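Working notes, beginning with the structure itself.
Just so it is clear, the values below take in all heavy atoms, side chains as well, and ignore hydrogens, waters and symmetry mates. Given the structure is predicted, the values throughout are model-derived calculations rather than measurements. Letters A, B, ... are given to chains in the order of the sequence lines, protein chains preceding strands, and every chain is numbered from 1.
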Amino acid sequence: MRNIYALIDCDNFYVSCERVFRPDLIGKPVVVLSNNDGCIVSRSNEAKNLGIQMGTPYFKAEEVIKKNRVSVFSSNYALYSDISSRVVEILKMFSPNIEVYSIDEAFITLNLTNSNFTKYGKEIRERILKDVGIPTTVGIAYTKTLTKIATKIGKKNIEYGGVLSLLNEKDDDMYLEMVDVEDIWGVGRQYSKWLREMGIDNAKDLKYANRQVIRHHMTVQGLRTVLELNGIDCIPLDSRRVLKKSITSSKSFGIKTDSLEDIKKALAIDVAQAGEKLREQGSVAGTLTVFLLSNPFKTPCYSNSISIKLPYRVSDTPNLIKYSLIGLGKIFKSGYIYKKCGVVLSDISTVNDVQLDLFNSSFINDFNIKNKAMITMDRINRKWGRDTIKIGSMGIENTLKMKQDMISNRYTTDWNNLLVVNI
DNA sequence: TCTGGGGTCCTAGGACCC
DNA sequence: TCTGGGGTCCTAGGACCC
């Protein structure tokens, strides 16, 4: 029996989240910026129509933005992730099989007893819009890659009313022809350049391409994409809550700096954040990588990284900070203006798998004590806000704090930020 | 002046083993 | 002195995703 997939994809998600609390902005151009107010990462349809491109640096679009009175927001991840989880809760009512693919997309499988799939898709859409206030597009098909194609077309053509089903396969080729090769899930910049050179311009061309040639040039993943375009299900729903295999935390500095002392503090803050994520999933890390970059848009530039194999797996912030500062000391070179640093934790396993040190009997106690202290610290910080308790090396004030000049309130996750209504 | 952050999977090649 | 074939593990780098 064939699976039937639906992809529920929130429209212009970050912008839509901002509009939930600013309904006056519906119908008006709005953009949301990346961290540090660097690039434009979400655009309302009105902003798209002004020619504002995804990923454009803010300063390059500033003129168009001012001229057309586009509303601009810094990104507010506390708000977006809370709204995202509300959408997921609703989807769970429609299907027990769900894969939360990203902050604004989820796949579900549909039961064959729902005979009218398009109608069911519309019900899902309307429920999310009514209960959470977020508009979505729903794509329905026999493979996940085809649901991606369906939402892509559904978003561009309002006549589908936000739901497009490709279950009537004789029409597939007509739809596939509408989608450029660059826009296919699994085809990025490098592959699309090569495909274009091969005369493969759209999804229909790729569907009928020579499979051996594709396999050779684009590995098994490329082959899977071709098969999926043919309606052959190769990428199953992945509903496991998987443990992350690596955890990164890094940030560009709000102010560029050549000061090792400032960078040490910024790195300690990143490490603390990574450590918290590590403990949240009950894991410990065996390897830690520190990296440091000067401004890549300026010459001369310098970047370096160093990986440190930890003597034993840890998850406590003081140890992680200790080793990362050793690493930083080894790669820091004076005389450059730095703009970013960060840490990657890898070689991750669960706490239960930790190899204890036979020759160091005090180690077990040490491990347990530090962990209890960390768990308590995490709990307090979750309840009372980030950095209520922190490690000394993070400093009192983050001198390189990122820019977020236009951030909205944390309306749904902070009592002090509740929406105020004047009557 | 101003250019984000956080992930996954696959492959090739080297080291090492029997 | 000559020399084979097959396997595993690890790492770096390249591709992709949101």
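dG5(B) atom C1' lies 14 Å from atom CG of L33(A), rounded to whole Å. Distance I247(A) CD1 to dT8(B) C1': 14 Å, rounded to the nearest Å. Taking atom NZ of K340(A) as the reference point, atom P of dG5(B) lies 4 Å away to the nearest angstrom. For I255(A) and dT1(B), the CD1 to C1' distance is 13 Å, given to the nearest whole Å. Distance N295(A) CG to dT1(B) P: 12 Å, rounded to the nearest Å. Regarding I235(A), its CD1 atom lies at a distance of 10 Å from the P atom of dC10(B), rounded to whole Å. Atom-to-atom, CD of Q190(A) to C1' of dC10(B) comes out at 16 Å; the value is rounded to the nearest Å. In this structure, Y58(A) places its OH atom 14 Å from C1' of dT3(B), rounding to the nearest Å.
Counting any heavy atom pair closer than 4.0 Å across all strands shown, S249(A) reaches sugar-phosphate atoms only and no base atom. No engagement by D37(A) is indicated, since no non-hydrogen atom pair under 4.0 Å with the nucleic acid exists. At the heavy-atom level, K403(A) lies nowhere under 4.0 Å from the strands shown. When heavy atoms are screened at a 4.0 angstrom cut-off, I184(A) is found touching the sugar-phosphate backbone but no base atom. Counting any heavy atom pair closer than 4.0 Å across all strands shown, F297(A) reaches a base atom. Note on V344(A): nothing from the nucleic acid sits closer than 4.0 angstrom, heavy atoms only. In this structure, K193(A) reaches neither bases nor backbone, as no heavy-atom distance under 4.0 Å exists between it and the strands shown. Counting non-hydrogen atoms under 4.0 angstrom, E105(A) reaches the backbone sugars and phosphates but no base.
Ring centroid separation for the pair Y338(A) and F332(A) comes in under the 6.0 Å cut-off.
Base pairing of dC18(B) is made with dG5(C), judged by Watson-Crick or G-U wobble geometry with both donor-acceptor distances under 3.5 Å.
Phosphate contact (OP1/OP2 of dG4(B), side-chain N/O of S250(A), threshold under 4.0 Å): absent. Under 4.0 angstrom from either OP1 or OP2 of dT11(B) there lies at least one side-chain N or O belonging to R215(A). Not one side-chain nitrogen or oxygen of K309(A) sits closer than 4.0 Å to the OP1 or OP2 atom of dC10(C). OP1 or OP2 of dG7(B) lies within a sub-4.0 Å distance of a side-chain N or O belonging to T248(A). One finds no side-chain N or O of K277(A) lying less than 4.0 angstrom from the OP1 or OP2 phosphate oxygen of dG5(B). For K339(A), no side-chain nitrogen or oxygen approaches OP1 or OP2 of dC2(B) to under 4.0 Å. Of the side-chain N and O atoms in T56(A), none sit less than 4.0 angstrom from OP1 or OP2 of dT3(B).
Closest approach to the W185(A) side chain among dT8(B), dC2(B), dC17(C) is made by dC17(C) (side chain taken as heavy atoms from C-beta onward).
By the neighbour-count criterion of 12 heavy atoms within 6.0 Å, atom NZ of K155(A) is densely surrounded, having more than that number from other residues, nucleotides or ligands.
The nearest heavy atom of DNA chain B to V41(A) and to L243(A) marks one nucleotide each, and the one closer to the 5' end goes with V41(A). Along DNA chain B, the nucleotide nearest to D270(A) and the one nearest to T219(A) differ in position, and the one closer to the 5' end is contacted by D270(A).
The minimum heavy-atom distance linking K28(A) with S44(A) is given by the pair O-OG, 3.5 Å. Considering all non-hydrogen atoms of both residues, S246(A) and V344(A) come closest at CB-CG1, 4.3 Å. Closest heavy-atom contact between S71(A) and L25(A): OG-CD2, 3.4 Å.
Relative ring orientation between H217(A) and W194(A) is described as parallel, the plane-to-plane angle staying below 30° on a 0-90° scale split at 30° and 60°.
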